[in-house]
2 protein chains.
Amino acid sequence: MGNYYKDHDRILVALDCIIFGFDRNGLKLLLIKRDFEPEKGSWSLMGGFLNRDESLEDAADRILHKLTGLENVYLEQLYGFGEVDRDPVERTVSIAYYALINIHEHDKELMDKYSARWFPIDDLPDLIFDHNEMVEAAKSRLRYRASHEPVGFELLPEKFTMPELQILYEGIYETELDKRNFRRRILSMNILTKTDEKQKKYSKKGAYFYRFNEDKYEEKVDKGDNLTFKPIKL
Amino acid sequence: MGNYYKDHDRILVALDCIIFGFDRNGLKLLLIKRDFEPEKGSWSLMGGFLNRDESLEDAADRILHKLTGLENVYLEQLYGFGEVDRDPVERTVSIAYYALINIHEHDKELMDKYSARWFPIDDLPDLIFDHNEMVEAAKSRLRYRASHEPVGFELLPEKFTMPELQILYEGIYETELDKRNFRRRILSMNILTKTDEKQKKYSKKGAYFYRFNEDKYEEKVDKGDNLTFKPIKL
DNA sequence: GCAAAAGTGTTACGAATACACCCATGA
DNA sequence: TCATGGGTGTATTCGTAACACTTTTGC
């Protein structure tokens with residue numbers, strides 16, 4: 001059966017990236033304005049096609065790099081989208097990846113080149129094809145991740161305050177949290193280091209900066225400690 | 001940019017199915033013996049290629065049907081595997097799906113046709129390509145599903161006993177459970193109906209048969225009730 | 001009457017929740 | 001001095017875990 005492989009269709013494999021970022025106002029998504037048909041001018045996820053000589057992972061990295069200039073970013077495969085008519089031009093299977101990046105670190109020039117813009121997660125424009133569905137899947141995956149490991153730190157600057165961290169989790173879970181309970185639970189994980197600097201941008205009193213302690217974190221993971229963070233109701 | 005699509009590689013898209021079944025001895029996996037090169041004679045997951053005119057989901061259904069004769073089976077996409085050299089013959093991206101089937105219901109003739117066999121989940125042979133990896137991913141996904149919804153019922157006959165259900169969960173979580181706690185937690189979900197028949201195959205006393213109550217289950221899902229079942233340590 | 005599996009209840013502990021006031025500072 | 005956001009502690013509830021004996025019946 002040497003021709004077992006022969007008689008089958010070769011198909012375009014695309015990759016689309018759901019790119020999460022975070023700033024003081026909450027969780028955001030990076031979208032681009034398509035400059036080619038079909039749907040030229042519509043908002044869309046950043047995407048591209050898989051080359052024969054690269055892995056899915058590498059292709060996703062490449063595409064993310066193309067838009068943000070960033071490397072070594074938290075990137076996780078989300079789901080394969082494969083409805084027959086999802087792309088009106090040609091049959092395409094798209095593997096969606098989602099990324100978490102620090103909103104202040106990416107390349108501004110590339111943003112212009114692709115007419116890219118950050119949108120608040122709860123105020124997104126309508127997207128092309130099945131990209132809305134991809135975004136929903138990514139939001140729910142992010143919630144899942146965040147409730148199983150302290151994943152949100154990829155989205156934050158190196159030093160961050162408790163109020164900032166709380167805003168991030170509130171964005172991820174789309175709910176409000178009680179700050180006393182939030183602090184207690186986060187701090188009880190023992191994976192943060194308090195600095196003695198204060199962030200004074202947003203209040204007169206100022207909020208202490210914390211730093212994610214990767215050593216402690218690895219240690220806990222090795223020990224099999226529970227680092228989950230389930231959402232708390234207000 | 002009308003040729004945006006033109007200059008890209010078309011690639012073989014495969015689907016591989018991780019098929020879980022269950023009997024009194026625990027959780028099992030359905031594997032086939034490849035009758036074509038490469039790796040003829042090795043154990044493998046059931047797979048096939050995506051046709052241009054079918055969705056990923058439809059293709060996975062088709063391939064599962066081909067081996068088991070079953071339709072309307074619980075089938076969920078798992079992950080896209082896309083290392084460049086994962087298939088030595090030609091560049092192939094494989095989307096893995098996992099299925100839960102009732103071990104007593106499938107077509108025996110087809111089993112012979114494909115030299116298929118059930119293997120206990122904790123005693124699997126070495127598989128071709130990246131199929132071992134796929135199985136590991138499926139096991140962990142199954143654990144996740146089982147801890148979020150009462151998914152295991154797809155694997156059981158219509159009527160089943162508490163000891164059987166417990167064996168199933170023990171297989172999924174690869175751990176032993178305390179039967180008192182197990183019964184209490186399962187029954188407190190209120191989605192089972194006790195019959196007055198008894199299964200007397202495995203003990204003199206006999207164990208009551210239960211039935212999964214889909215109406216009650218739907219009702220609870222609609223109400224947003226918590227139906228999670230986290231593993232309990234012994 | 002005994003072996004083998006089915007069935008049952010109570011207590012103890014720890015995690016999650018609810019909740020309200022003081023602190024530091026710049027304007 | 002006051003307005004604004006940052007920071008803290010306690011009591012209660014509820015879910016989870018630990019644990020051992022009785023019941024049924026075929027042989």
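Since the structure is predicted, the reported quantities are computational estimates derived from the model, not experimental observations. So you know, we letter chains A, B, ... as the sequences are listed, proteins then strands, and number each from 1.
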Would you mind writing out the side-chain donor-acceptor pairs for residues 202-212 of chain A within the sub-3.5 Å range, not counting sequence neighbours?
| from | atom 1 | to | atom 2 | distance (Å) |
| --- | --- | --- | --- | --- |
| Ser203(A) | OG | Gly206(A) | N | 2.8 |
| Arg211(A) | NH1 | Glu158(A) | OE2 | 3.0 |

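Comparing the end axes of the helix from dG1(C)-dC27(D) to dA27(C)-dT1(D), each fitted to five base pairs by superposing C1' atoms of four pairs onto the next four, gives an inter-axis angle of 10° (nearest 10 degrees).
Remark: C1' of dA15(C) and CZ of Arg183(A) are 20 Å apart, rounded to the nearest angstrom. The distance from atom CG of Asp178(B) to atom P of dC21(D) is 15 Å, rounded to the nearest whole Å. The nearest whole Å value for the distance from the CD1 atom in Ile186(A) to the C1' atom in dT8(D) is 17 Å. Summarising the geometry, the separation between NZ on Lys179(A) and C1' on dC19(C) is reported as 13 Å, rounded to the nearest angstrom. Rounded to whole angstrom, the span from the CZ atom of Phe182(A) across to the P atom of dA15(C) amounts to 18 Å. When the C1' atom of dA15(C) is taken as reference, atom CG of Asn181(A) falls 11 Å away, rounded to whole Å. Going from atom OH of Tyr208(A) over to atom C1' of dT8(D) covers 13 Å, rounded to whole Å. The interatomic distance linking Gln166(A) (CD) with dG5(D) (C1') rounds to 12 Å, in whole Å.
Note that Arg117(A) lies in the cation-pi zone of Phe119(A), set by a 6.0 Å cut-off to the ring centre and a 45° limit from the axis.
Under the salt bridge (charged side-chain N to carboxylate O under 4.0 Å, His left out) criterion, Lys216(A) pairs with no residue at all, not counting sequence neighbours. Considering only residues two or more places apart in sequence or on other chains, Arg184(A) meets the side chain to side chain contact (heavy atoms under 4.5 Å, CB included) condition with Asn181(A). Partners of Glu218(B) according to the side chain to side chain contact (heavy atoms under 4.5 Å, CB included) rule, which considers only residues two or more places apart in sequence or in another chain, are Glu214(B).
One finds no side-chain N or O of Arg180(B) lying less than 4.0 angstrom from the OP1 or OP2 phosphate oxygen of dA6(C). In this structure, Arg184(A) does not reach the dT8(D) phosphate: none of its side-chain N or O atoms is under 4.0 Å from OP1 or OP2. Between Arg185(A) and dT17(C), a side-chain N or O to OP1/OP2 separation shorter than 4.0 Å is present.
Using a 4.0 Å cut-off between charged nitrogen and carboxylate oxygen, Lys113(B) and Glu109(B) do not count as a salt-bridge pair.
Defined by atom type and a distance below 3.5 Å, a donor-acceptor pair is missing between the side-chain atoms of Glu57(B) and Gln77(B).
When ring centroids are compared, Phe81(A) and Tyr79(A) come within the 6.0 Å threshold. Aromatic ring centroids of Tyr217(A) and Phe153(A) lie 6.0 Å or more apart.
For the segment residues 195-207 of chain B, residues with any heavy atom less than 4.0 angstrom from an atom of DNA chain C are, sorted by number, Tyr202(B), Ser203(B), Lys205(B), Gly206(B), Ala207(B).
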